[in-house]
Amino acid sequence: MALTTAEVARLAALARIELSEDELARLAPQLEVILESVAQVTEVAGDDVAPMSHPLPLTNVFRADEVRPSLAAEQVLAAAPAVEDERFRVPRILGEGQ
Amino acid sequence: MSALLQSSAAELGRAMASGQVSSREVTQAHLDRIHAVDGDVRAFLHVDAERALAAADAVDARRAAGAELGPLAGVPIAIKDIFCMTGAPTTVGSRILEGWQPPYNATVTQRVLDAGLVVLGKTNLDEFAMGSSTENSGYFTTHNPWDRDRIPGGSGGGSAAALAAFEAPLALGTDTGGSIRQPASVTGTVGVKPTYGGTSRYGVVAMASSLDQPGPCGRTVLDTALLHQVIAGWDPMDSTSINAPVPDVVGAARRADVSGLRLGVVRELGGEGYEPGVEQRFREAVDALAAAGAEIVEVSCPNFRYALGAYYLIMPSEVSSNLARFDAMRYGLRVGDDGSHSAEEVMALTRGAGFGAEVKRRIIIGTYALSSGYYDAYYGSAQKARTLIAGDFEAAFETCDALLSPSTPTTAFRIGERTDDPLAMYAADLCTIPSNMAGNAAGSFPCGLADGLPVGLQVMAPVLADDRVYAVGAALERELAARWGGVLTDRLWARQNGGEQ
């Protein structure tokens, strides 16, 4: 299967990764080789094989709904790129024209 | 001083307990060693001498006051820079987390601190633990102490190199597809991936959550088991943690008894692509285990051939989801926040600038494998292949107590040799990936040199039979030490400090 530069650009946009033209040109053929080599698994198993998402047979684990100490606000904000009024300051949410 | 560096962690623990030496002396010796050799080895991203000496003094003071201390109290340790630890940066080898200081300790970090181990610093790794050589680190490449032109394995190459360079007697790693075992193999050290759920992932920066598992690294089997005992066991903070007693790994390492054990050599993990020197050392090690009383049989795991392909769909899928948290909003790097860009644009600019090439490759593959129209064909098929691989293990463990293979198909390759060929790099994990897929315990143990470079033997045991991994590893160590006059890294020490033994 062929993976075009345009398709890689679309996937990168979905993954919120800005890529340069150079990176796109390098990535597309690399990804194609990788996907070709892993494609064999698509032929391995039939409908009778159950998918396995996890090594342990798990059910949800719940703890008691009790109030416990948590990190102080200043600890949480200590590593923030930008803080304003004891909150995370983020760039504007809407793009131009939205 | 050199005796302190060469000693095992178990010996150091005993010497400190009997008052022959203080933790400060042991810690200072290792800090001096790091100062002397790490400019060439480059195992550490961060060393905090002051903190280490303060921790050593605290242990010495507690001992002087008559406190009951564990067998590793006062012993120095190097921690892979993927475990959160307060008061120090955790970078995970990525520029996107440069300078970030976690607000809490990983459970494994906390247990190491509670046991009185002295943290020397944080070790280098491939960015977000994605790689087999440390060449994907956002900071620098670690060099293999056996040959500094070669890779120390990855992702935990820093931890493995620190052990082989005698910069630390113990280290921590994480293993998603072989990141503990492959570095152990190519540096002549010991590394164990516990049963999935056997050690807590809380506070360990996630790569692929259904595969990641923290584990111990050492130069001897007993040291590794002692560290395993410290870090393992149920943790309510990790919902995938197993609430069951920790297997008696220390007892198994001490007994080193394989008599009556039936060990299966996996037919599919050998042959084409495996270096002749690796296969030869592996066969000799299997013979040594037979001489120690194990019964050796051959087993077939036909679906292992799909493991690499399935892994490179499942792992990137989980990566693309896990690494979405690096969004430039709450911590870490932020690029382009100049008023002209929206939050989404800032995210994309930050992730473009902060992630390295391999991380981008994997996120994009994962995004593709999970996208509508491809999900069933790729991610869904890979999950079915995973079922078949687990089934192979189940069948093999019906007739065998543990399975054997080389740990990785080749010895340490040259730095730069595989950086332009992702598939060649991925092949380093051919033997280790199946155990991550099935979640069983596995470890790598030194079994000799091929052309002067270490070779590792992998032991795979059923879920929660981690003690068997240590029993086989310790028996092999005993048999080979009888021939070599010590463990494999002792030969490296001798080579570097006057005359091969």
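Reminder, nothing fancy here: chain letters follow the sequence lines and each chain counts from 1.
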Toward chain A, the part of [X] with a non-hydrogen atom under 4.5 Å:
X: B/S320; value: neither
X: B/I389; value: neither
X: B/Y426; value: side chain
X: B/T350; value: neither
X: B/A369; value: neither
X: B/A438; value: backbone

Let me know if [X] has heavy atoms under 4.5 Å from chain B in its side chain, its backbone, both or neither.
X: A/L31; value: side chain
X: A/D47; value: both
X: A/L27; value: side chain
X: A/E43; value: neither

(request) Taking only Lys NZ, Arg NE, NH1 and NH2, and the carboxylate oxygens of Asp or Glu, determine whether A/E18 and B/R351 approach each other closer than 4.0 Å. (result) no

Roughly how far apart are [X] [atom1] and [Y] [atom2], rounded to 0.5 Å?
X: B/E344; Y: A/I93; atom1: CD; atom2: CD1; answer: 9.0 Å
X: B/S381; Y: A/Q40; atom1: OG; atom2: CD; answer: 11.5 Å
X: A/L71; Y: B/Y104; atom1: CG; atom2: OH; answer: 8.5 Å
X: A/L19; Y: B/F355; atom1: CG; atom2: CZ; answer: 11.5 Å
X: B/L349; Y: A/R16; atom1: CG; atom2: CZ; answer: 12.5 Å

(request) Inspect the surroundings of CZ in B/R95 and state if more than 12 heavy atoms from other residues, nucleotides or ligands are less than 6.0 Å away. (result) yes

(message) Quick one: does any side-chain atom of B/K384 pair with a main-chain N or O of A/G46 as donor and acceptor, under 3.5 Å?
(response) yes

Would you give me the side-chain donor-acceptor pairs under 3.5 Å for residues 49-68 of chain A, sequence neighbours excluded?
residue: A/H54; atom: ND1; partner: A/L56; partner atom: N; Å: 3.4
residue: A/H54; atom: NE2; partner: B/Y196; partner atom: OH; Å: 3.2

Pairs of heavy atoms under 4.5 Å with chain A: top-ranked of [options]:
options: B/M347, B/M329, B/R305; answer: B/M329
options: B/G439, B/P236, B/S239; answer: B/S239
options: B/G366, B/P102, B/S210; answer: B/S210
options: B/A353, B/G332, B/A348, B/S371; answer: B/A348

Expected list for residues 74-91 of chain A: side-chain donor-acceptor pairs under 3.5 angstrom, two or more places apart:
residue: A/Q75; atom: OE1; partner: A/A72; partner atom: N; Å: 3.0
residue: A/R87; atom: NH1; partner: A/D85; partner atom: O; Å: 3.2
residue: A/R89; atom: NH2; partner: B/D337; partner atom: OD2; Å: 2.8

(message) Within the 4.5 Å heavy-atom criterion, are A/Q30 and B/R361 side-chain neighbours or not?
(response) yes

(request) Evaluate the side-chain proximity of B/Y312 to A/V41: yes if any heavy-atom separation is below 4.5 Å, no if none is. (result) no

(message) Using every non-hydrogen atom in the two residues, find where A/I34 and B/P422 come nearest and quote the distance to one decimal.
(response) CD1-CB, 4.1 Å

(message) Just to verify, which of B/I364, B/I363, B/T367 counts as forming a side chain to side chain contact (heavy atoms under 4.5 Å, CB included) with A/L14?
(response) B/T367

